[in-house]
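First the structure, in the form of structure tokens, and then the observations on it.
The basis for the numbers below is simple: all heavy atoms, side chains too, and nothing from hydrogens, waters or symmetry mates.
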Amino acid sequence: MNWFKLFVWNRKYRLLCPDEVIFYQNSRATVIKNGEIWVQNVIFVGKRESLNQFNSSFMRKVSIILFMSFFVWSSFGQDEKMSRGDAYFYSYAYDAAIREYQKQMRDGRLITNAQSLNLADSYFKTGDYNKAVKIYLDINKRDTIMSDHRFNNMLQSLAKTSERERVRAFLKSKSGSLTNELVENADFNYELLDSNLGEGSGFFIFNLDGNSPQADFSPAFYNDKLLFSSSRSAKSKKIYEPSGESYLDLFVAKVSRNGNILNPDRFQGAPETKFHKSTPFYSEELKRIFYVLSNSEKGQLSFDEKGKNSLAIGMVYDNGFFRFLLKDLSTSFYYPYYDAVGEKLYFSANFQDGYGGTDIYVVNTTNGQIMSEPINLGPRINTPGNEIAPYIFNSSLYFSSDIFYGFGGMDIYKANVHSDNTFGVPVNLGKGINSVSDDFGFIIKENGDEGFIGYYASNKTGGKGKDDIYGFKVTGTPGLKTLSFRGQVTRAKNGDFIPEASVRLIAEEGSVIKEIKTRADGSFQLEVPWRANTTLQINKEMFGSYYKEFGKTEIDELANNPLNIELAYLDDVIEEREDKATIKMKDFFFVKGKSLITSDIALELDKVVTAVQNFPEMKLRIESHTDSRGSNSSNKKLSQERADTIKGYLIANGVPSENIVGALGYGEERLVNNCKNGVYCLDFLHQQNERSLIIVSNFDEINQ
């Protein structure tokens with residue numbers, strides 16, 4: 001019996017034979033040496049041309065990227081045996097994998113943690129979330145091999161089998177090992193679901209007449225028409241018999257007045273290929289189309305050294321000239337979106353250094369040409385799940401994600417894009433458009449006086465095919481309007497970051513809306529459903545406080561102006577003088593015999609005003625002293641006048657009167673040297689006695 005060397009490819013295996021490449025199904029697989037897999041009992045399915053077919057529904061959503069990471073030989077060392085369960089799992093035969101792993105355990109053979117996770121993934125893929133979550137939780141307790149992506153699977157399974165509160169409790173217990181952004185995003189969206197604020201978003205949704213029984217998805221505006229991807233039959237594409245669908249191709253259709261599409265036909269504006277063309281985006285400014293296509297050369301698919309074929313992003317000019325923009329035989333790229341204002345190309349990719357499965361990236365361009373390395377949009381957008389289909393409209397980023405805090409499968413989210421290219425919390429668009437199925441590929445534009453019109457794809461029940469394109473109309477901007485505060489808190493004296501400061505958002509009636517802590521670099525981002533009047537309060541033990549009311553005008557300015565907040569450190573504003581805790585000031589002197597506030601004195605007293613603003617709980621006692629020159633009674637009277645004048649200035653400049661517990665003039669009663677009556681002293685020695693102190697009477701209390 002012949003043996004064939006095996007490489008993983010898609011849902012089947014690719015075999016290297018002397019004369020041809022064929023598929024096999026249900027074969028016995030064994031690793032014999034050097035990590036190579038060899039198989040017997042090959043069932044012939046097709047020749048080389050059949051190799052390149054694969055199920056288009058596998059390609060069109062996020063699962064298209066998962067097979068890139070699952071290479072059988074990467075999981076097994078030299079001279080190890082691959083179980084039948086492993087072989088089925090890595091060929092995406094999840095039901096068969098479950099049966100084999102169960103048989104392996106019944107037979108008393110050891111099942112490794114890696115195989116246990118394969119079994120959990122198999123249960124997850126087949127919808128048995130109770131069994132999946134039990135294994136995930138067990139492995140998570142006793143091993144560290146769980147990837148971020150599987151962590152998302154675990155939480156998705158937990159969400160589907162438990163109350164939301166259990167997932168939130170689990171998140172809280174693991175918050176130290178999760179990104180701050182993931183925790184904040186989850187908290188916000190759970191709060192949104194709990195409050196039902198995302199309900200009733202006003203979408204009027206309709207299934208397009210031009211959908212087919214096959215997969216139709218990834219709509220894109222194309223002048224007055226609509227481009228989209230489809231696996232419906234096309235003369236230039238071969239049919240993969242097991243699925244009954246062809247390679248993906250680009251189609252175009254006219255758009256009727258009501259938003260429906262008419263007479264869809266294969267798009268002729270991109271070069272012919274026997275393989276995939278998908279997920280288009282048309283740039284009206286450049287007059288060019290960006291789209292995804294299979295890596296191929298001279299009419300044959302191109303594979304990397306591990307036998308993997310991936311997807312590239314290409315661009316076709318209006319004159320038909322084509323060029324690749326992003327191409328790597330070991331990395332797949334998906335869902336291009338070109339931002340003409342910033343000359344940036346956004347896309348999804350499965351780079352190994354991402355946050356989960358597929359992440360969203362951006363590159364800088366010049367006239368559409370790539371001019372930078374891919375930049376990950378970061379943990380505010382990308383998660384342990386999969387993020388795809390970026391689309392920017394009216395300073396908001398729309399995209400889809402299968403993160404665990406959604407409704408199930410892929411959901412569409414919206415995040416505000418700030419002026420410094422940071423992002424707000426991604427907000428679920430709600431049940432008006434999202435479902436328990438996959439919802440993805442959202443696009444939108446203005447629709448005259450009627451508001452907005454747009455399209456997206458979904459495989460929810462009731463459609464015409466595996467994926468359908470749906471149109472929608474909505475009168476207002478989609479999604480919940482939010483209020484976002486972001487910035488950085490630093491120490492006033494030296495600019496050091498202040499971590500773990502309390503950031504509270506307070507409602508108009510005084511209740512706390514939300515409270516968070518600043519990060520290690522002093523930064524914070526706090527986002528809540530929009531409201532007109534709020535107060536932001538920031539404080540930390542031993543530091544001063546920030547307290548500011550925000551009305552509608554100030555709120556509108558927040559989107560473009562992050563807050564840079566400086567907090568005074570208590571030791572920076574207080575010093576010890578004469579065994580007392582006093583406000584740190586330079587010495588100042590009144591005009592001889594007078595109690596008027598000069599500009600020099602005002603400059604120092606303003607430091608007291610600032611100190612009380614920073615530490616509103618501070619209680620002050622004012623002490624004023626004179627030297628011994630002049631009579632005792634006149635000095636007593638003058639010092640009291642000066643103390644009262646200081647008190648009046650402080651109150652007039654914002655220090656609450658209740659913060660001043662005393663203002664006393666001591667005259668010459670408390671000299672600091674021996675320059676008393678009858679003793680000759682130089683002027684500078686007399687001047688040491690003429691002083692005013694602002695004493696913090698409750699220093700011990702606020703220093704705790």
Side-chain angles (χ1 to χ4, degrees), residues 1-17 20-46 48 50-55 58-59 63-128 131-132 135-136 139 145-147 149-150 153 240 242-243 303-309:
M1 184 172 292
N2 292 328
W3 285 83
F4 301 98
K5 186 176 178 181
L6 178 65
F7 290 81
V8 171
W9 188 84
N10 193 25
R11 298 185 184 222
K12 300 289 187 289
Y13 287 111
R14 182 162 67 92
L15 307 181
L16 299 185
C17 311
E20 59 187 0
V21 180
I22 64 177
F23 283 103
Y24 88 102
Q25 292 176 316
N26 302 324
S27 296
R28 176 196 285 167
T30 305
V31 176
I32 55 174
K33 61 179 180 179
N34 297 326
E36 295 177 346
I37 306 167
W38 293 73
V39 296
Q40 284 182 322
N41 303 335
V42 173
I43 299 174
F44 184 80
V45 175
R48 180 180 295 272
S50 296
L51 161 69
N52 300 323
Q53 307 285 355
F54 66 86
N55 189 313
F58 180 69
M59 177 270 179
S63 57
I64 60 178
I65 59 91
L66 298 182
F67 77 91
M68 305 298 179
S69 303
F70 296 148
F71 296 104
V72 175
W73 55 84
S74 67
S75 300
F76 299 92
Q78 184 173 347
D79 296 328
E80 290 186 55
K81 296 285 186 180
M82 178 195 283
S83 73
R84 291 175 64 87
D86 297 327
Y88 282 124
F89 175 78
Y90 288 113
S91 63
Y92 305 94
Y94 298 115
D95 286 320
I98 291 170
R99 290 193 297 270
E100 289 298 328
Y101 285 131
Q102 290 175 336
K103 184 176 184 300
Q104 181 177 336
M105 289 185 286
R106 285 196 304 270
D107 293 344
R109 288 176 287 149
L110 177 67
I111 183 168
T112 66
N113 284 349
Q115 289 175 320
S116 293
L117 284 174
N118 291 348
L119 178 57
D121 285 348
S122 298
Y123 283 130
F124 180 83
K125 293 294 185 181
T126 55
D128 195 340
K131 291 180 180 177
I135 299 173
Y136 283 135
I139 296 296
I145 64 173
M146 186 177 292
S147 66
H149 187 71
R150 274 171 161 155
N153 288 351
Y240 178 43
S243 70
F303 299 91
D304 69 3
E305 68 279 1
K306 292 183 177 180
K308 181 172 67 174
N309 174 256

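Minimum interatomic distance between L117 and Y136 (heavy atoms only, all atoms of both residues): CD2-CD2, 3.9 Å. Minimum heavy-atom separation, Y101 to S83: CE2-OG, 4.1 Å. When all heavy atoms of S122 and A97 are compared, the pair lying nearest together is OG-CB, 3.9 Å. Of all heavy-atom pairs spanning Q104 and Q115, the tightest one is NE2-OE1, 3.3 Å.
Side-chain contact between R150 and I139 is absent, with no heavy atoms from C-beta onward closer than 4.5 Å.
Residues meeting the salt bridge (charged side-chain N to carboxylate O under 4.0 Å, His left out) test with D95, sequence neighbours left out: none.
The side-chain contact (heavy atoms from CB on, under 4.5 Å) with N118 is formed by just one residue from the set N113, I135, D86, T112; it is D86.
Taking NZ of K131 as the start and CD1 of I98 as the end, the distance is 7.5 Å to the nearest 0.5 Å. The OH atom of Y94 sits 5.0 Å away from the NZ atom of K125 when rounded to the nearest 0.5 Å.
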